[in-house]
Chemist: 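One structure, pasted below without further comment.
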Number of protein chains: 2
Amino acid sequence: MSNSAYSTATYRLYDDKADFDKKATGIAVGLTVGSWTELPEVAKQQMEKYLGKVVSVDVHDGSGEPGTRYADITIAYPDLNFSRDLPAFLVTVFGKLSMDGRIKLLDVQPSAEFLQALPGPKFGAAGVRDLLGVHDRPLVMSIFKSVIGYDLPNLREQFLQQALGGVDLIKDDEILFENPLSPLEKRVPACIGAASEAEQQTGQKLIYFTNLTGPTYELRDNAKRAVEAGANGLLFNVLAYGFDALAGLAADPDIPVPIAAHPAMAGAMYPSPHYGISAPLLLGKLVRMAGADLSLFPSPYGSVVMPKEENLAVRDALLSDKLPHKKAFPVPSAGIHPGLVPLILKDFGPEVVVNAGGGVHGHPGGAAAGGKAFRQAVDAVLRGTSLEDYAAETGHEELKAAIERWGVRTS
Amino acid sequence: MSNSAYSTATYRLYDDKADFDKKATGIAVGLTVGSWTELPEVAKQQMEKYLGKVVSVDVHDGSGEPGTRYADITIAYPDLNFSRDLPAFLVTVFGKLSMDGRIKLLDVQPSAEFLQALPGPKFGAAGVRDLLGVHDRPLVMSIFKSVIGYDLPNLREQFLQQALGGVDLIKDDEILFENPLSPLEKRVPACIGAASEAEQQTGQKLIYFTNLTGPTYELRDNAKRAVEAGANGLLFNVLAYGFDALAGLAADPDIPVPIAAHPAMAGAMYPSPHYGISAPLLLGKLVRMAGADLSLFPSPYGSVVMPKEENLAVRDALLSDKLPHKKAFPVPSAGIHPGLVPLILKDFGPEVVVNAGGGVHGHPGGAAAGGKAFRQAVDAVLRGTSLEDYAAETGHEELKAAIERWGVRTS
């Protein structure tokens, strides 16, 4: 354990009157050694290596209107103070402090040493591409529509129709839990069987992200049961279990499949300007450090929205070169239809998963036609052709029907 | 599994224009069967038992000013839809929905069947009293002051001084993680040894809440190691690990000690009026259902504050007769000194833990005197004597010094 490594955290504090420099010093001392100025010199020498440091205090006085004055404060915490796991790190930098007035955790920059202790994605975006054998285009993911109350034959048929559309990835609904109608050990073989059946027609591989659920201390066993049953991917409600539960899955060599992190419950933490954890940190950096290969988050296009600049910051955190970990696929979700594909690729770039539920199942020709329409839309963009022109070509009837249904949105 | 059990969730939604009745129906359908009106009749008959129901929509039109119109909406979810664990329940009622605009989860009322599947506290407030043999007064807890960078002899001495003051409970600092200076297996015997030493002088039992830390999937083993090393209580940063990690500890018969839940990170979720999870639910009902014997939360007296009505609602959730689980001790924390004891007991009633850090260690006579001052303050209230009068009596010099230091606050 190095004596000189520090990890930083950056906060935004709103306060109309506070002495932010004093506040920053209070955080740096209070969340580390507890007290400082009153310590005798000899104790200071001993304790100095445990003492937090103020890195920067950037005050914005605002308009003078109440509620507009804030400061962005960065504190460096000695790695000596916490163990090499995310609960220890998060409790250190945003445990008690989260309750100390209007304060939001904007970002963290763990030390190189701490980052090395975190697994990061097992496959990453590139590894997922390798599994699929798809390297030259954005991926397309389809979400089950209705699943609760469906029996296995119905789920299998729904899966098959999605797979026949040529999508690369299919994910369970995040609210599908262990249940008598479609238990994990039967659902996985049924869906994987449908994937094989579709592959014979489409020639294309497919990853099925099975929802990993159950009690925390059974998750690793459940994941292994899923893999034994044939699962080649897992969906995980990471915020309901904590980031470290994901890290333990990602670090386990006996769970050799990619993991897609679902943002369920994230809205309890990121949307407020005054409290919580910023979306790029919560759904970007932390999800990636903890080991998700894909991270779903609200797209800027649907009814469940996130402002576009936040979306792009989430993407940047997932794809940044600054982390030692593999890159994770951004999956902007909700409100996606084929007519949005050019905009998505313009906004997010080529390393993105185009993910749709209603935009697949709501296609006038059904889910298989919906998947085809998405693939055609991706092809159009890659060829540099407008969706409308591409849709007019023979063999692209599915895209044509999708555009008639939903239109094309270019900004 | 009963076909007729429902669990409810109540939300507050802010929206200046929304049709809240339509919104409620959208939640009830969208988070259960997915679609309804377009289903054929025969499918409706099959699916009806999986369909959510709108229980109530209570619209408050506000002042007409933007941002003041809201509705409290209660939805009933069929228990059929989720497994018997808190992650499944929370993802069902506040997963995707948490990201759907200005919405806060105010309360949940799980079905009797679901509640039965949750452990609740293993000991509860009454069980903790039995362990201590203290039934006739509020308990007094002391928090370690500075711990980071302290070696075992120093920690032991700090523990001993606190114990000599006659406190009932001593808790680790929540930011004390596994470290070379005070590893769990050495820290626990050192502190428990100090507790025994103090008991020979005070005649009083003491519970030491050791901070349970480490990777999620090692928590149960670490808890058992702590117990084997002599720990008679555990502190747990429940929100860093998820409620179910606590439930798994509480349900484990091989972890036969009470658990105190620390609210670290809670401020990321409860303070905003528009987002997140209400404090009484987060730090009251959920913490109790998951199995904490004590729940710490910000007191209304210190610098890290929570409004008093929220404090009392947290207390009510911890002590309510409406849950089948044992009651959990409310532990309002931060800013507590002996001069506040009458107010705390007036506000919270007799089933409360008076918890202090600075109010113990900052006593002019040291931590042992600090603990004595708290015990004297409790005795004064129970005898119906004012603190000032009680402090003037011979043998109550510690209370006298505390009042000189911090004063008495009666409202």
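Each chain gets a letter, A, B and so on, in the order its sequence line appears, and its residues count up from 1. Below, all heavy atoms of this structure are taken into account, side chains as well, without hydrogens, waters or symmetry copies. Because the structure is a prediction, the values reported are computed rather than measured.
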Chemist: When heavy-atom pairs shorter than 4.5 Å are enumerated against chain B, which of A/Leu31, A/Asn81, A/Leu176 gives the highest number?
Modeler: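 Of the options given, most contacts go to A/Asn81.
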Chemist: Nearest 0.5 Å please: distance from the CE atom of A/Met269 over to the OG atom of B/Ser272.
Modeler: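 With rounding to 0.5 Å, CE (A/Met269) is 13.0 Å from OG (B/Ser272).
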Chemist: Just give me the residue among B/Thr213, B/Asn211, B/Ile175 that pairs up with chain A most often, heavy atom to heavy atom, under 4.5 Å.
Modeler: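 Highest number of pairs under 4.5 Å: B/Ile175.
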Chemist: Looking at side-chain heavy atoms only, is the closest gap between B/Ser35 and A/Lys145 below 4.5 Å?
Modeler: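 Yes, side chains in contact.
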Chemist: Going from CG on A/Leu80 to CZ on B/Phe177, what distance comes out if it is rounded to the nearest 0.5 angstrom?
Modeler: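 With rounding to 0.5 Å, CG (A/Leu80) is 13.5 Å from CZ (B/Phe177).
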Chemist: Heavy atoms, side chains only, cut-off 4.5 Å: are A/Met99 and B/Tyr270 in contact?
Modeler: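 Answer yes - side chains close enough.
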Chemist: Any idea which of A/Gly214, A/Gly34, A/Ala247 has the most non-hydrogen atom pairs under 4.5 angstrom with chain B?
Modeler: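 Heavy-atom pair counts peak at A/Gly214.
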Chemist: As an exercise, state the distance from CG of B/Leu90 to CG of A/Leu239, rounded to the nearest 0.5 Å.
Modeler: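 So the CG of B/Leu90 and the CG of A/Leu239 are separated by 11.5 Å.
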Chemist: Using heavy-atom distances under 4.5 Å, tell me whether A/Thr32 contacts chain B through its side chain, its backbone, both, or neither.
Modeler: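 Backbone of A/Thr32 only, per the 4.5 Å heavy-atom cut-off to chain B.
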Chemist: For a quick test of reading the model, state the closest non-hydrogen atom pair linking A/Ala268 to B/Phe94 and the distance between them.
Modeler: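 What the structure gives for the nearest pair is CB-CE2, 4.0 Å.
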Chemist: Heavy-atom distance under 4.5 Å to chain A: side chain of B/Leu249, backbone, both or neither?
Modeler: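 For B/Leu249, backbone and side chain are both near chain A.
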Chemist: Is chain A contacted by the side chain of B/Leu181, its backbone, both, or neither, given a heavy-atom distance below 4.5 Å?
Modeler: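 For B/Leu181, the contact with chain A is made by the side chain alone.
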Chemist: Taking side chain to side chain contact (heavy atoms under 4.5 Å, CB included) as the criterion, tell me which of B/Asp85, B/Leu219, B/Leu86, B/Thr216 meets it with A/Thr216.
Modeler: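 That would be B/Thr216; it is the only one of B/Asp85, B/Leu219, B/Leu86, B/Thr216 passing the side chain to side chain contact (heavy atoms under 4.5 Å, CB included) with A/Thr216.
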Chemist: Please classify the contact of A/Leu51 with chain B as side chain, backbone, both or neither, using a heavy-atom distance under 4.5 Å.
Modeler: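 For A/Leu51, no heavy atom lies under 4.5 Å from chain B.
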Chemist: What's the spacing between B/Tyr241 OH and A/Asp244 CG if we round to 0.5 Å?
Modeler: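 Here the interatomic distance stands at 6.5 Å.
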Chemist: With a 3.5 Å distance limit and no angle check, can you tell me whether A/Tyr217 reaches the backbone of B/Ala245 through a side-chain donor-acceptor pair?
Modeler: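 Checking the backbone N and O of B/Ala245 against the side chain of A/Tyr217, a donor-acceptor pair under 3.5 Å is found.
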Chemist: Heavy-atom cut-off 4.5 Å, strictly under: side chain, backbone, both or neither for B/Met47 against chain A?
Modeler: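 Just its side chain gets close to chain A.
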Chemist: Less than 4.5 Å to any heavy atom of chain A: does that hold for the side chain of B/Asn237, its backbone, both, or neither?
Modeler: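 The answer is the side chain of B/Asn237.
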Chemist: Counting heavy-atom pairs closer than 4.5 Å to chain A, which one of B/Gly242, B/Pro271, B/Ala240, B/Ser83 comes out on top?
Modeler: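 Between B/Gly242, B/Pro271, B/Ala240, B/Ser83, the count favours B/Pro271.
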Chemist: If you count heavy-atom pairs within less than 4.5 Å of chain A, which of B/Lys104, B/His262, B/Glu174, B/Arg220 leads?
Modeler: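 Among the listed options, the one with the most contacts to chain A is B/Arg220.
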Chemist: Calculate, to the nearest 0.5 Å, the distance between atoms CE and CG belonging to B/Met265 and A/Leu105 respectively.
Modeler: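 With rounding to 0.5 Å, CE (B/Met265) is 8.0 Å from CG (A/Leu105).
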Chemist: Roughly how far, to the nearest 0.5 Å, is CG of A/Asp173 from NZ of B/Lys96?
Modeler: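 B/Lys96 atom NZ to A/Asp173 atom CG measures 5.5 Å (nearest 0.5 Å).
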Chemist: Which residue out of A/Ala266, A/Gly149, A/Gly276 racks up the most heavy-atom pairs below 4.5 Å with chain B?
Modeler: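 Most heavy-atom pairs within the cutoff with chain B belong to A/Gly149.
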